[in-house]
K.L.:
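This is the structure I want to talk about, given as structure tokens.
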Amino acid sequence: MMPFSNVLPAAFFDREPAAIARELVEMGALLVEAQEGSIVAGRIVETEAYLTGDPACHAYRSRTPRNEAMFGPPGRAYVYSIHRVYCFNIVTEGEGVASAVLVRAVEPVAGVERMQERRPVAAVVDLTRGPGKLCQAFGIDRETFNGWDLTGGERLWVASPPAARQVPVAVSPRIGISAGQDLLLRFYDPTSLFVSRLPRQPVP
DNA sequence: GTTCGGATTATCT
DNA sequence: GATAATCCGAACC
């Protein structure tokens, strides 16, 4: 049996995105990329939710070719490029509702050598700590994977872990946005070395 | 057609 | 922590 085959179904993603973002970290969900002869997997340790009516959401202003995938059914991928880098999101809620969960970091579980082929860096921690980095390590690009059905268990999917677990979850504002900074929609495992940024120090 | 800015990263101090 | 790199997409004219 193929490892990491407990594929999360569309129903899991047909819910409010903040709850999904939190649960993916809490349950230790796995992001899996497989082709013949190779498999790459990582535990999701950092996510952000982007909601409808949220000024930081790409679909806040209007429906455009760029954000089209976010309006699709739950459990699809929304991949976009920024500063010449790809970011990977999972579309949430029903078709026609534009919301998503951004996966910002994973902790490698399998296929480190394959990741290093795609992203030659000295330190393993630099393979997948950050949204652009993990896309490179997993071979995720917009052309192939924007709109990809992640619930089919083919090529790229999200799985629940082989053994149930409860990961601690910390909450903070989202990273790198100018609007919606007051919302606490970033979720991460505070014990993971693969989280992209430590919490900002409180301002006195 | 032109302008503007970004859900980042690498590299510098 | 600060900043340059760098280019695509969206908005506006």
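Chain letters run A, B, ... following the sequence lines, proteins first and then strands; every chain starts at 1. What you see is a predicted model; the values in this text were computed from it and never measured.
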K.L.:
A:Tyr60 has an atom OH; how far is it from atom C1' of B:dG5, in whole Å?
P.N.:
18 Å

K.L.:
Is there a donor in the side chain of A:Ser99 and an acceptor in the side chain of A:Thr92, or the other way round, less than 3.5 Å apart?
P.N.:
yes

K.L.:
What distance do A:Asp54 atom CG and A:Arg174 atom CZ have between them, rounded to the nearest 0.5 Å?
P.N.:
4.0 Å

K.L.:
Could you check how far CD1 of A:Ile177 sits from C1' of B:dG5, rounded to whole Å?
P.N.:
15 Å

K.L.:
Cation-pi check, A:Arg104 to A:Tyr188: give yes when NZ or CZ is under 6.0 Å from the six-membered ring centre and within 45° of the ring axis, no otherwise.
P.N.:
no

K.L.:
When the distance from CG of A:Asp126 to P of B:dA10 is rounded to whole Å, what number comes out?
P.N.:
7 Å

K.L.:
For A:His58 together with A:Tyr50, are the ring centres under 6.0 Å from each other?
P.N.:
no

K.L.:
How long is the line joining CG of A:Leu185 and P of B:dA7, in whole Å?
P.N.:
15 Å

K.L.:
Check whether the aromatic ring of A:Tyr50 stacks on the base of B:dA7, taking stacking as ring centres less than 5.5 Å apart and planes within 30° of each other.
P.N.:
yes

K.L.:
Is the distance between the ring centroids of A:Tyr78 and A:Tyr80 under 6.0 Å?
P.N.:
yes

K.L.:
Rounded to whole Å, please give me the gap between CD1 in A:Ile82 and C1' in B:dA10.
P.N.:
16 Å

K.L.:
Base, sugar-phosphate or nothing for A:Arg84? Non-hydrogen atoms, less than 4.0 Å.
P.N.:
sugar-phosphate

K.L.:
Separation of A:Leu127 atom CG from B:dT9 atom P, in whole Å?
P.N.:
13 Å

K.L.:
Judged by each residue's nearest nucleotide on DNA chain C, which is more toward the 5′ side, A:His83 or A:Arg142?
P.N.:
A:His83

K.L.:
Without decimals, in angstroms, what is the distance between A:Arg129 CZ and B:dT8 P?
P.N.:
15 Å

K.L.:
Please tell me which of A:Ser178 and A:Pro131 maps to the more 5' nucleotide of DNA chain B, matching each residue to the nucleotide holding its nearest heavy atom.
P.N.:
A:Ser178

K.L.:
Would you tell me if any nitrogen or oxygen in the side chain of A:Arg104 comes within less than 4.0 Å of OP1 or OP2 on B:dT8?
P.N.:
yes

K.L.:
Can you sort out the partners of A:Ala164 under side chain to side chain contact (heavy atoms under 4.5 Å, CB included), two or more places apart, ordered by chain and number?
P.N.:
none

K.L.:
Roughly how many Å apart are B:dT2 and C:dT6, using the P atom of each and rounding to a whole number?
P.N.:
23 Å

K.L.:
For residues A:Lys133 and A:Met115, determine if any side-chain heavy atom of one lies less than 4.5 Å from a side-chain heavy atom of the other.
P.N.:
no

K.L.:
On DNA chain C, which is the earliest and which the latest nucleotide, 5' to 3', with an atom closer than 4.0 Å to a heavy atom of chain A?
P.N.:
C:dA5 to C:dA11

K.L.:
Does the Lys NZ or Arg CZ of A:Arg142 fall within the cation-pi geometry relative to A:Phe145 - under 6.0 Å from the ring centre and within 45° of the axis?
P.N.:
no

K.L.:
Within this structure, what is the CZ-to-P distance between A:Arg197 and B:dA10, rounded to whole angstrom?
P.N.:
12 Å

K.L.:
Are there more than 12 heavy atoms of other residues, nucleotides or ligands under 6.0 Å from atom CD of A:Glu154?
P.N.:
no

K.L.:
Can you find a side-chain donor-acceptor pair between A:Ser172 and A:Arg186 that sits under 3.5 Å?
P.N.:
yes

K.L.:
Check every strand shown and say whether A:Arg119 touches a base, only sugar-phosphate, or nothing at a heavy-atom separation below 4.0 Å.
P.N.:
sugar-phosphate

K.L.:
Heavy atoms under 4.0 Å, any strand shown: does A:Ile175 hit a base, just sugar-phosphate, or nothing?
P.N.:
sugar-phosphate

K.L.:
Once pairs are restricted to Watson-Crick or G-U wobble with both distances under 3.5 Å, how does DNA chain C read as a dot-bracket string, [ ] for crossings and | for other-strand pairs?
P.N.:
|||||.||||||.

